[in-house]
Amino acid sequence: MSLKALVAKLFAAIIYNKTQKWAKNPVETQQKVFRSLVERASATAFGKDHGFDGIKTFADFAEKVPVRDYEELRPYIEKVVKGQEDILWPGKPLYFAKTSGTTSGAKYIPLTQDSMPYHIKAARNAILSYIHETGNAGFVDGKMIFLQGSPELDEKNGVKFGRLSGIVAHYVPGYLQRNRMPSWETNTIDDWETKVDAIVEETYKEDMTVISGIPSWVQMYFEKLQQKEGKLIGDIFKNFSLFIYGGVNYEPYRAKFESLIGRKVDSIELFPASEGFFAYQDSQKEKGMLLLLDAGIFYEFIKADEFFAENPKRYTIGEVELGVNYALIISTNAGLWAYNIGDTVQFTSLSPYRVIVSGRIKHYISAFGEHVIGKEVELALKEAVEGTGVVVNEFTVAPQINPANGLPYHEWFIEFDKAPENITDFALRLDKAMRTQNVYYDDLIAGNILRTAVLTPVVKNGFAGYMKSIGKLGGQNKLPRLSNDRKIAEILEKENLIKS
C-alpha cells in the first residue's frame, strides 16, 4: 500500500468518526444549524422583514417565513445580483451559480463564504466514506477524471458566476491536482463534442481509476474511447474501480455502462445542487444517501400529496417517516429561506437519516439531467405553432432512453386539430424552440447526447381514450404535459392511439 493510500485510510477513519457524532444526534444537530442560521441573518434585509429577532422556535419560523420558490424569492435575489450587501446573508456572496430559469430567464443562486466549503467537504467525504467502508484506497494513486462545466467564470457587479461544476473546479485540493484530469485548458473548451474528443486524447493512455460525471455525459466519453481503441473500457483502464455520479438516476444506464466497461464497478451517488450539497451515498450495502444535517442547511419536509394544499404541515427531521414522498424545503447559509428546490425525497432509513431522490414536486423530464418543466414545453409548442396554422388539441412529452436505433430523444405525442403539412419540419421547429427554453436540453443536443425531438401524432380523441383507459376521463383530471418515464407512451401504443 502506498503512503498516499495509507494516509487516505487514516483520514477516512477520522471523518467517519466525526460523521457518526452528528448522525447519531440528528435533531440536536439540526437545532444547532437552525439557531445559527437565524442568528447570523437577523440583521439582513430578509431577517428584518421577517422578524428574525423574534424567532425562538421552528414554529415561530414557520409562522413568519412562508415557503418560496425561486420566482417568489427573486425580488431579494435581484438586489443581491445588483451588488447590494446584507440582503439574504451577511455581506455579498462569493459566487452565483447560474442555472436554467423557469419563467423569467436565468437563475442566480448565491454561494457564500460560509456555504462554499460544504460543497467541497461533502464531495471529499463521500469518497472517504467509501474508503472507510470498503478498505479500497488504491485508486488514490491513479488518475481521476471529473467531467464538468467550464471553470471559466464571468462577473456581475463584482461577483463571479458560472456553472456550479465550473466553480467547484477552482477548489480541487492540492493533493488531488496532480491526479486530476482533464487539463485546465481542455476543461475550458466550450463545444462539448470537441471537449470530449480532447479528453479522450488526454486520457486514453493514462491509468484512470476514478471517473465522475452525469451518466449520459460519461457514456458518451466511454463510447468515444471505445471507438478510438476498439476495446472495452475496463481493458483500456485496467484499474478503473470507482464511478461517481449525481443529477440523474443511474439505474437506466447501469446495464449499458457494464457492457461498455466489461465488468461491474463500484459507484457512489451524490445529491449536489447549486442550492447546496444535500446528501451522498455513505454505504455500498444500504439503500439511499446520508442526509447531511451539519452542513449549514436546515431541512423541512412537506408531504408531496399535501404540498399544494392551502397551509400544508411543515415537518422537521425528527418527524419524518419512511417511504413517504416529501417535498424538500431548505434554509441555508447562502441565504435561501424556506426554499422549495423542487425535488422530492423519500427516507430509506431513520438511523441514520438516508434519502433517495424520488422525483420533482411538479411534472418534469430529467432523464439526462435536463430538468425540463411543463412551462418550458408549453412555451416551446406555442412558439412552434405561431404563424403556421397548426392547431394542437392535446399533447404530452416523454423521454426515449433506449431507442431501437440511434441516440436517445424526447418524444412529443401530439393530437392535432390541424396537423402541419410536414411533420419532420414541425418537429425541428419544436426542437429549436425547446432549445431556447432550456439550456441543459440545448447542451445535450449540441453535445450529441440526444438527437432532435421526435414527433408522434396521436389519433383524434386519442388522449380522451387514454384518460378513459386509466379511469380518469373528465372531472378535474388532467393529462400531464410531460413525464420522466414512458408509462403514458406505452399505454398510447398498447391502446392503438398512435397514428401509423
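On a predicted model such as this, the values are computed, not experimentally measured, just so you know.
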Salt-bridge test for [X] and [Y]: reply yes if a basic N is under 4.0 Å from a carboxylate O, no otherwise.
X: Glu71; Y: Arg74; result: yes
X: Glu394; Y: Arg481; result: yes
X: Glu493; Y: Arg486; result: yes

Closest heavy-atom contact between [X] and [Y]?
X: Phe413; Y: Ala398; result: CE1-CB, 4.4 Å
X: Phe222; Y: Ile233; result: O-CD1, 3.4 Å
X: Tyr280; Y: Ala122; result: CD2-O, 3.6 Å
X: Lys92; Y: Asn157; result: NZ-O, 3.3 Å
X: Ile189; Y: Lys195; result: O-CD, 3.6 Å
X: Ser483; Y: Ile365; result: O-CG1, 3.2 Å

Has Lys313 got more than 12 heavy atoms of other residues, nucleotides or ligands less than 6.0 Å from its NZ?
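Check passes, neighbour count above 12.
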
pair [X]-[Y]: side-chain heavy atoms closer than 4.5 Å:
X: Trp337; Y: Arg68; answer: no
X: Asn333; Y: Tyr118; answer: yes
X: Trp89; Y: Pro110; answer: no

Which residue is it: [options]? I am looking for the one with a ring-ring contact (aromatic ring centres under 6.0 Å, His included) to [X].
X: Phe301; options: Tyr353, Phe307, Phe347; value: Phe347
X: Tyr76; options: Tyr70, Phe46, Tyr339; value: Phe46
X: Tyr245; options: Tyr250, Phe146, Phe257; value: Tyr250

Is the side chain of [X] donor-acceptor paired with the backbone N or O of [Y] at a distance under 3.5 Å, no angle test?
X: Glu415; Y: Phe463; answer: yes
X: Arg451; Y: Leu407; answer: yes
X: Glu383; Y: Ala380; answer: no
X: Asn484; Y: Ala367; answer: yes
X: Gln281; Y: Ala126; answer: no
X: Asn393; Y: Asp417; answer: no
X: Arg354; Y: Thr348; answer: no
X: Thr209; Y: Lys143; answer: yes
X: Thr203; Y: Glu206; answer: no
X: Ser115; Y: Gly276; answer: no

Pairwise distance [atom1]([X]) to [atom2]([Y]) - rounded to 0.5 angstrom:
X: Leu147; Y: Ile199; atom1: CG; atom2: CD1; answer: 5.0 Å
X: Arg163; Y: Lys98; atom1: CZ; atom2: NZ; answer: 8.5 Å
X: Leu336; Y: Glu275; atom1: CG; atom2: CD; answer: 6.5 Å
X: Ile87; Y: Asp49; atom1: CD1; atom2: CG; answer: 9.0 Å
X: Glu193; Y: Lys224; atom1: CD; atom2: NZ; answer: 4.5 Å
X: Ile470; Y: Ile488; atom1: CD1; atom2: CD1; answer: 7.0 Å

For the residue pair Phe395 and Trp412, does the interplanar ring angle fall in the parallel (under 30°), tilted (30 to 60°) or perpendicular (over 60°) class?
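Geometry flag for Trp412 against Phe395: parallel rings.
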
Between Phe237 and Phe240, what is the ring plane arrangement, given parallel below 30°, perpendicular above 60°, and tilted in between?
perpendicular

Can you confirm whether or not the ring centre of Tyr441 sits under 6.0 Å from the ring centre of His410?
yes

Are side-chain N/O atoms of Ser183 and Glu202 paired as donor and acceptor at under 3.5 Å?
yes

Among side-chain atoms of Gln219 and Glu223, is any donor-acceptor pair under 3.5 angstrom?
yes

Show your reasoning for whether side chain to side chain contact (heavy atoms under 4.5 Å, CB included) applies to Asn448 and Val196.
CA-CA 11 Å; Asn448 283 333; Val196 174; over 6 Å; no

Is it the case that Lys156 places NZ or CZ above or below the six-membered ring of Phe96, under 6.0 angstrom from the centre and within 45 degrees of the axis?
no

Give the C-alpha distance, both sets of side-chain angles, the deciding distance and a yes or no for side-chain hydrogen bond (donor to acceptor under 3.5 Å, both in side chains) between Thr188 and Glu152.
CA-CA 6 Å; Thr188 60; Glu152 290 189 327; 4.6 Å; no

Using side chain to side chain contact (heavy atoms under 4.5 Å, CB included), reason through Gln437 and Val372 one step at a time and then give a plain yes or no.
CA-CA 9 Å; Gln437 289 294 323; Val372 170; over 6 Å; no

